[in-house]
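FYI, the numbering just counts along the sequence from 1. Heavy-atom basis, side chains included; hydrogens, waters and symmetry copies ignored.
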Amino acid sequence: QVQLVESGGGSVLAGRSLRLSCEASRLPTGNFCMAWFRQAPGKEREAVAGIDTDGRPSYAESAKGRFNISQENANIMYLQMNSLIPEDTATYYCAGRQGWLCGENGRPRPQSHYRYWGQGTQVTVSS
């Protein structure tokens, strides 16, 4: 069974940066792409960014220009978050799916497309 483990969350002041990491293990054979989602208290889980297996990124509007998704290798993915604002406060989840596309028309695919999920890492941004 695929395992996804997030790390790097924390509490920061507005304007600061954080880098989240997701480490995947027990990957299946074939293409496997990953994405970041987040869920704030009382809100639905939303896509933040995705990365196709060829490295092409996709971003939600809220992440464009501030966040950067990257992949070190097939097993490790990052989300660099800059200029954080209180509205970024949420639990951030790593998600994965078999296939090479995690983006569609420049946006990350919605959560229904992902079979595998991490446990999440908390990000709190205070003003």
Side-chain angles (χ1 to χ4, degrees):
Q1 180 75 349
V2 172
Q3 190 172 23
L4 303 175
V5 180
E6 305 94 336
S7 60
S11 297
V12 296
L13 294 175
R16 297 294 177 91
S17 299
L18 276 176
R19 189 176 79 160
L20 306 182
S21 300
C22 173
E23 184 165 357
S25 58
R26 304 174 187 171
L27 290 179
T29 56
N31 291 312
F32 188 89
C33 64
M34 293 191 284
W36 288 99
F37 286 75
R38 69 184 183 185
Q39 187 168 19
K43 294 189 176 182
E44 291 189 359
R45 191 176 297 184
E46 62 177 3
V48 176
I51 187 163
D52 299 340
T53 55
D54 64 357
R56 179 169 53 187
S58 54
Y59 296 98
E61 279 301 321
S62 59
K64 278 186 176 180
R66 298 189 301 125
F67 294 1
N68 184 65
I69 188 170
S70 62
Q71 204 159 356
E72 181 174 321
N73 52 47
N75 298 82
I76 302 176
M77 177 181 67
Y78 302 108
L79 184 68
Q80 177 68 42
M81 304 187 294
N82 302 319
S83 302
L84 284 161
I85 59 178
E87 289 74 16
D88 294 320
T89 294
T91 301
Y92 283 71
Y93 297 91
C94 174
R97 65 185 295 271
Q98 289 181 263
W100 65 279
L101 286 176
C102 273
E104 189 169 21
N105 298 321
R107 297 284 187 271
R109 292 191 170 201
Q111 59 178 322
S112 61
H113 287 248
Y114 299 87
R115 179 177 179 181
Y116 306 102
W117 294 86
Q119 294 299 308
T121 186
Q122 178 66 36
V123 171
T124 302
V125 184
S126 55
S127 57

Participant: Tell me if a side-chain donor or acceptor on Gln119 pairs with a main-chain N or O of Glu6 at a distance below 3.5 Å.
Facilitator: no

Participant: For Gln98 and Thr29, which heavy atoms make the closest approach, and how far apart are they?
Facilitator: NE2-O, 4.2 Å

Participant: Which atom pairs, one a donor and one an acceptor, fall under 3.5 Å between side chains of residues 10-26 and the rest of the protein, sequence neighbours left out?
Facilitator:
residue, atom, partner, partner atom, Å
Ser17, OG, Asn82, OD1, 2.9

Participant: In chain order, what residues pass the ring pair (Phe, Tyr, Trp, His ring centres under 6.0 Å) check against Trp117, with sequence neighbours excluded?
Facilitator: Phe37

Participant: Can you run down the ring-ring contact (aromatic ring centres under 6.0 Å, His included) pairs that involve residues 8-32, sequence neighbours left out, and say none if there aren't any?
Facilitator: Phe32-Tyr116

Participant: Quick check: is Tyr114 connected to Tyr78 through a chain of hydrophobic side chains (ILVMFWY, heavy atoms under 4.5 Å apart)?
Facilitator: no

Participant: Indicate yes or no: at least one non-hydrogen side-chain atom of Cys33 is less than 4.5 angstrom from one of Thr53.
Facilitator: yes

Participant: Using every non-hydrogen atom in the two residues, find where Gly120 and Thr91 come nearest and quote the distance to one decimal.
Facilitator: CA-CG2, 3.9 Å

Participant: Are Val48 and Met81 co-members of a hydrophobic cluster defined by side-chain heavy atoms under 4.5 Å apart?
Facilitator: yes

Participant: Can a donor-acceptor pair be found, under 3.5 Å and without considering hydrogens, that links the side chain of Asp54 to the backbone of Arg56?
Facilitator: yes

Participant: With rounding to the nearest 0.5 angstrom, report the CG to CG distance, Leu4 to Asn75.
Facilitator: 10.0 Å

Participant: Kindly give the heavy-atom pair with the smallest separation between Ser58 and Gly106, and that separation in Å.
Facilitator: CB-O, 3.4 Å

Participant: For Val125, is there any backbone N or O sitting under 3.5 Å from a side-chain donor or acceptor partner on Thr89?
Facilitator: yes

Participant: To the nearest 0.5 Å, how far apart are NZ in Lys43 and CZ in Arg38?
Facilitator: 8.5 Å

Participant: Using side-chain contact (heavy atoms from CB on, under 4.5 Å), reason through Glu44 and Gln111 one step at a time and then give a plain yes or no.
Facilitator: CA-CA 11 Å; Glu44 291 189 359; Gln111 59 178 322; 5.6 Å; no

Participant: Look at the side-chain heavy atoms of Ile, Leu, Val, Met, Phe, Trp and Tyr, link any pair under 4.5 Å apart, and say whether Leu101 and Leu27 land in one connected group.
Facilitator: no

Participant: What closest approach, in Å, do Met77 and Ala35 show between heavy atoms, and which atom pair accounts for it?
Facilitator: CE-O, 3.5 Å

Participant: Taking ring pair (Phe, Tyr, Trp, His ring centres under 6.0 Å) as the test, write out the residues that go with Tyr59, two or more places apart.
Facilitator: none

Participant: Going by salt bridge (Lys or Arg N to Asp or Glu O under 4.0 Å), name the residues that satisfy it together with Arg66, two or more places apart in sequence or in a different chain.
Facilitator: Asp88

Participant: Does a sphere of radius 6.0 Å around CD in Gln122 hold more than 12 heavy atoms from other residues, nucleotides or ligands, not counting ones at 6.0 Å or beyond?
Facilitator: yes

Participant: Suppose we screen for salt bridge (Lys or Arg N to Asp or Glu O under 4.0 Å). Which residues come up paired with Glu87, at least two apart in sequence or across chains?
Facilitator: none

Participant: Show, in sequence, the C-alpha distance, side-chain angles and deciding distance for Cys94 and Met34, and conclude whether the side-chain contact (heavy atoms from CB on, under 4.5 Å) test is met.
Facilitator: CA-CA 7 Å; Cys94 174; Met34 293 191 284; 4.1 Å; yes

Participant: Indicate the atoms forming the closest heavy-atom contact of Gly50 with Pro108, along with that distance.
Facilitator: N-CB, 3.8 Å

Participant: Specify the closest pair of heavy atoms between Ala49 and Leu79, including all atoms of both residues, with the distance to one decimal.
Facilitator: CB-CD1, 4.2 Å

Participant: For the NE2 atom of His113 and the CD atom of Glu104, what is their distance to the nearest 0.5 Å?
Facilitator: 6.0 Å

